[in-house]
Asker: 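Quick one: structure below, then a few questions.
Residue numbers begin at 1 in each chain, while the letters A, B, ... track the order of the sequences. This structure is a prediction, so every number in the text was calculated from the model and none was measured. For the numbers below, each heavy atom of this structure counts, side chains included, while hydrogens, waters and symmetry mates do not.
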Amino acid sequence: MLNNKDLYRISKRVYREGILQGQLQSAGSDQARFLEKIDKDKMQRSPDIILKVMSAIYIAGLVTIPIFSLITIHSTLGSGIDSSWVTFVGGLSISGFLVMQPAVLLIFSFMFTWGLMSGGPYKWIHTLPLGKKDIERIGFFTFLRSINVQLISMSLVLPAGIVTSIVLVLGSEISVLSLVLLIITSIFLSIINLVFNLSLLVIISRKMAIIMGDQEVNSRKTNIIRVLSMVLYMTVSMGAMYLIQIAIAKIPELYVLQSWSAGTTNIVNIVLSILPFPFAGGYLLTIMAMDVSNVSGVLLGSSILGIILFVFLTYLVYRKALSTLRKITSTELKKYSKEKKEVFVEDIKIKTNGPTIAFLKRDFAIITREMSSVMILIMPFMIPLYMLFIPMEAQQLIGSAGLTFVMIMALFYVSMVSVMLVIGLTNIESGGSTITASLPISVRDQVKSKLPHFLVTIPLALIVAMLTKIGTSQFIIMISFALAFLPVIPIIGLASLFFKARLFGKMKHKIVLEEIKNENKFVKHVLVIVFTFVLMGVFIFISAYGFIYLGIAEVVAAILLYVTYNVMFPKQ
Amino acid sequence: MTTEKSAMVSVTNLTKSFGTVVAVNNISFEVKPGEIFGILGPNGAGKTTTIKQILGLLEQEQGEIRVFGLDPGTDDIEIKRNIGYVSEDPLIYKSMTPRMLFNFIASIRGMDESETTEKLQYYFESFEAVEYYDKLVATLSRGNKQKMQVIAALIHDPLLLIMDEPLTGLDAKSAKVVKEILDLHKERGGSVIFSTHILEVAEEMCDRIAIMDRGKIIAMGTVEELSKMVNKVGADLEDIFLKLTNQDESVNHIVKNLRNMMNCNKRS
Ligand SMILES: Nc1ncnc2c1ncn2[C@@H]1O[C@H](COP(=O)(O)OP(=O)(O)OP(=O)(O)O)[C@@H](O)[C@H]1O
Ligand SMILES: [Mg+2]
C-alpha cells in the first residue's frame with residue numbers, strides 16, 4: 001500500500017495522460033506537428049487551465065445569489081410582510097442557488113471529466129505493481145485533479161457569500177449567536193453540497209461516457225439514443241440555468257407579492273423543507289438568516305429533518321459514485337451487445353456520394369460520438385430556447401426600445417453560436433486521420449460541406465426562435481427584424497470561417513481548414529471571436545440608419561464574401 | 001505523369017529539422033517505375049520524416065521533392081490521386097466503421113461503386129476481415145486496423161505505394177498477402193517505397209535499399225552492391241546493416257555486457 005501523497009502524485013501522471021490522449025486524438029493526422037509544438041509551448045501542455053479558471057470564476061459568480069437573498073430577506077423582514085412568506089421566497093431562492101451549483105459544475109466540467117470516465121488513461125496503470133485499492137484511489141484523485149480549481153471555488157462560494165452579506169448589512173442587525181449559527185450552517189452545507197455535487201458529477205459523466213463510447217454495432221437505434229441523450233443533457237442543463245436566472249430576477253417582486261394565506265404558506269414551507277435536495281439546505285440557511293426567533297419551531301424541526309435526510313442521501317450518492325469510480329479503473333470497460341450480427345462478403349457494398357455529402361456524413365459520424373464536438377450540433381438549437389426565456393424580462397423594459405435591445409442581444413447570441421460552430425467544425429478537420437491525409441481532398445469541397453450549417457441551420461433556428469412569439473403583440477416587429485437580418489447570419493458565420501482559415505491554415509500556396517499555423521493559438525481564437533462580434537456590430541449599426549442601408553450592406557458583403565471564397569478556395 | 005518517365009519520385013538534397021534535431025540531413029534518391037525501394041535504418045533515423053515530406057504532410061524546409069514530376073507542396077491533390085499511403089501508426093477515424101470509412105474514401109476519390117465493391121470484397125476476403133466491416137474502428141485489433149489502412153491504400157490502384165512499416169502487426173498470412181500484392185503491383189509497372197525494420201523482408205523484396213542513419217543515407221544500392229561495400233561477399237543484410245551503421249562493434253559489446261550482468265544476477 002502506498003500512502004495518499006504518493007498516489008496523489010501518480011494521479012497527476014494519469015491526469016496528464018488523459019489530457020494528452022484527448023489532444024492526440026483530436027490532432028489526428030496532425031500528430032507529428034502537434035508533438036513538435038507541445039515540446040516548445042508550455043501553454044499547449046495544459047490546455048485545461050483556461051477553461052478551469054473560467055468555470056471557477058463562473059461558479060464564484062453564483063455568490064451573488066445568496067448575498068442578494070440574505071440582504072433582501074432582511075430588508076423585507078421589517079416592512080410588515082408576513083414572515084412565513086419571506087421564509088418561502090428566501091428558501092426558494094437559496095435552493096435555486098444550490099441547484100445551480102451542480103448545473104454549472106456539470107456544464108463546465110464535463111469536458112474534462114468525461115475523457116477520464118472512459119477509462120483509457122488508466123490502462124497503463126494496470127501494468128504497474130499496484131494493489132486494487134491503490135488503483136481505485138488513484139482513480140479518485142485523478143478525478144479530483146480534473147476539477148480541482150472548480151472545487152476550491154465551489155466550496156468557498158457559500159461561506160464567502162454569507163460572510164460578505166454579514167459584513168455588508170446583517171452584522172449590526174442580528175445577534176452574535178445567530179451570526180455564528182449562520183456561518184457554521186453555511187460551512188456545513190457547503191461541505192455536504194460539495195460531496196453531493198461531486199458524486200453527481202461522477203455518476204452523470206460516467207453515464208454519458210458509456211452512452212457516447214458504446215463501441216458495439218453501429219445501429220441506427222444506438223445513434224439516435226446517443227444524439228437524443230446529448231441534446232437532452234444540453235437542453236436540460238442550459239434550460240435549468242436560464243430558468244433559474246429568471247427566477248432570481250423575479251425574486252424581489254416575489255417578496256412583496258404574497259399570493260396565499262399565511263397558513264398555506266406555512267404548510268408549503270414545512271413540506272418543502274423536508275425535501276432533502278435542494279430545499280432543506282435553502283430553508284435552513286434562510287431560517288438562520290432570519291433569526292430563529294422569527295420562525296416556527298415546526299419549520300426549524302422539519303428543515304433539520306430535511307438536512308438529516310440530505311446527509312443520508314449524499315452518503316448514498318457518494319457510495320454509488322465510489323463504486324462507479326471503481327468500475328472505471330478496472331480494465332474491462334466495454335459493454336457488449338448480446339446479439340451477434342453476422343457479416344457476409346455480400347454485405348460489403350460501397351455507396352458513394354459527392355464529396356460534400358461525404359464530408360457531411362463523416363462529420364455527423366464523428367460529432368455524434370465526441371462530447372466536445374456535440375456542442376456544434378446543439379448550439380443552434382439553443383437559439384430558440386434563448387428567445388423563449390429572455391423576452392419575458394424585456395417586457396419590463398419599456399416598449400420598442402426594450403424590444404430592440406432583445407433583438408440585438410439575440411443577434412449577438414447568434415454570432416456567438418456562429419463562432420462556436422466555426423471553431424468546432426474546423427476542429428473536426430484538424431482531427432483528421434492518416435487516411436484522410438493521403439486522400440486527394442479539395443479544400444473547396446471541404447468548405448462546401450460546412451456551408452449548410454451557416455446557410456440553413458442557424459438562420460432556420462432564428463426563424464424558429466421568432467415563431468415562439470406567435471400570437472404576441474411584438475411578433476410582427478420581431479419577425480420582420482429577424483427577416484431583415486437573416487442574410488447577415490450566414491455572412492457573419494462564413495466571414496468568421498474564412499478569417500479563421502486565413503489565420504490558422506496555410507500550406508504553401510493554398511489555405512486549408514486545418515489548424516496548421518498553431519503558434520499564438522489563443523490570441524488567434526480571440527481575434528476570430530472579436531472579428532465576428534465587431535462585424536455583427538457593424539451591421540447593427542448600419543441598420544440603425546434604416547433597413548434599406550442594411551440591405552445594401554448585405555448585398556455588398558455577400559459579393560465580397562463570394563469573391564473571397566473563390567480567391568481563398570479556388571476551383572481545382 | 002508524362003513529365004518524367006524515368007523517376008516516379010526524386011528527392012534532392014532534402015533536409016528537415018525539428019528544433020535542434022536534424023531529422024533528415026541532405027538526402028537524395030530516386031525511385032523508378034517498377035521498382036520496390038526500401039528504406040532501412042535504426043529507430044529515429046528519419047525514415048518516417050522522409051516519407052511524410054514526400055506526401056506533403058510536413059512543411060518543406062530545404063531541398064526538392066518531385067513526385068510524378070510534381071511538387072507535393074503545391075500539387076498535393078494531383079499527387080495523392082495516384083498514391084496509396086500506409087502510415088506508421090494506423091490512425092483511422094475511431095468513431096467510424098470500415099463501412100463508413102470506405103464509403104467516405106470512395107466518395108472522396110470519386111470511384112465507381114460496383115467496381116470498388118468488387119475490389120473491396122476481394123481484399124476483405126483475402127485479409128479475412130469481412131466480419132469487422134460493421135465494427136467501430138476503435139474496437140479493432142492493431143493488426144486489423146493495419147489491414148484497413150493497407151486496403152485503403154490499395155483500393156484505387158495507385159501508381160505509387162508509400163508504406164511506412166506496412167507489415168507491423170500483421171499475422172504471417174496477411175503479411176504474405178501484402179508481399180504478394182506488392183510484387184504484383186511492381187509487375188504492373190507500379191513503384192513502392194517502403195520502410196521497414198525487418199531485414200529479411202527488405203532483402204527478399206526490395207530491388208534497391210537505402211540505409212539511413214541519423215538523418216543521412218549512408219549507403220544505397222542492391223543487396224549485392226551493399227555487400228561489396230562492406231567487403232563481404234555473400235554477407236546477409238543483417239551483417240551489412242550493422243556494419244554500415246557502425247553497430248556491429250557496439251552490438252557485440254552490448255551482448256557481452258548483457259551476458260555478464262545476467263550471469264551476476266542469476267535467479268536463485
Ligand atoms: N513531430 C516531431 N517533433 C519533433 N521531433 C520529431 C518529430 N517527428 C520526428 N522527430 C524526430 O526526428 C527524428 C527522426 O524521426 P523519424 O520518425 O523520422 O524516425 P524513423 O526512422 O521513422 O524511426 P522509427 O524506426 O522508430 O520509426 C527522431 O529523432 C525524432 O525524435
Ligand atoms: Mg518511423
Asker: Do the side chains of B/Phe102 and B/Ile151 get nearer than 4.5 Å, heavy atoms only?
Answerer: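 Yes - at least one pair of side-chain heavy atoms lies under 4.5 Å apart.
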Asker: Taking only residues two or more places apart in sequence, or in another chain, which ones meet B/Tyr123 in a ring pair (Phe, Tyr, Trp, His ring centres under 6.0 Å)?
Answerer: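 With sequence neighbours excluded, B/Tyr123 shows a ring pair (Phe, Tyr, Trp, His ring centres under 6.0 Å) to no residue whatsoever.
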Asker: Could I get the full list of salt bridge (charged side-chain N to carboxylate O under 4.0 Å, His left out) partners for A/Asp363, not counting sequence neighbours?
Answerer: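 Partners of A/Asp363 under the salt bridge (charged side-chain N to carboxylate O under 4.0 Å, His left out) test: A/Lys450.
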Asker: Please classify the contact between A/Asp347 and chain B as side chain, backbone, both or neither, with a heavy-atom cut-off of under 4.5 Å.
Answerer: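 A/Asp347 touches chain B through backbone and side-chain heavy atoms alike.
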Asker: Let me know if B/Gln121 has heavy atoms under 4.5 Å from chain A in its side chain, its backbone, both or neither.
Answerer: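 Its backbone and side chain both get close to chain A.
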Asker: Below 4.5 Å, heavy-atom pairs only: which of B/Ile105, B/Ile83, B/Thr48 has the largest tally toward chain A?
Answerer: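 Between B/Ile105, B/Ile83, B/Thr48, the count favours B/Ile105.
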Asker: What I want to check is whether the side chains of B/Asp164 and B/Ser195 have a donor and an acceptor closer together than 3.5 Å.
Answerer: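 Indeed, the side chains of B/Asp164 and B/Ser195 share at least one donor-acceptor pair under 3.5 Å.
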Asker: Is there a side-chain contact between B/Ile54 and B/Val67, using heavy atoms and a 4.5 Å cut-off?
Answerer: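 They are in contact (side-chain heavy atoms under 4.5 Å apart), so the answer is yes.
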Asker: Tell me, side chain or backbone of B/Ala152 under 4.5 Å from chain A's heavy atoms, or both, or neither?
Answerer: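 Contact with chain A is through the side chain of B/Ala152 alone.
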Asker: Select one option (side chain, backbone, both, neither) describing which atoms of A/Lys361 are under 4.5 Å from chain B's heavy atoms.
Answerer: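 A/Lys361 has no heavy atom closer than 4.5 Å to chain B.
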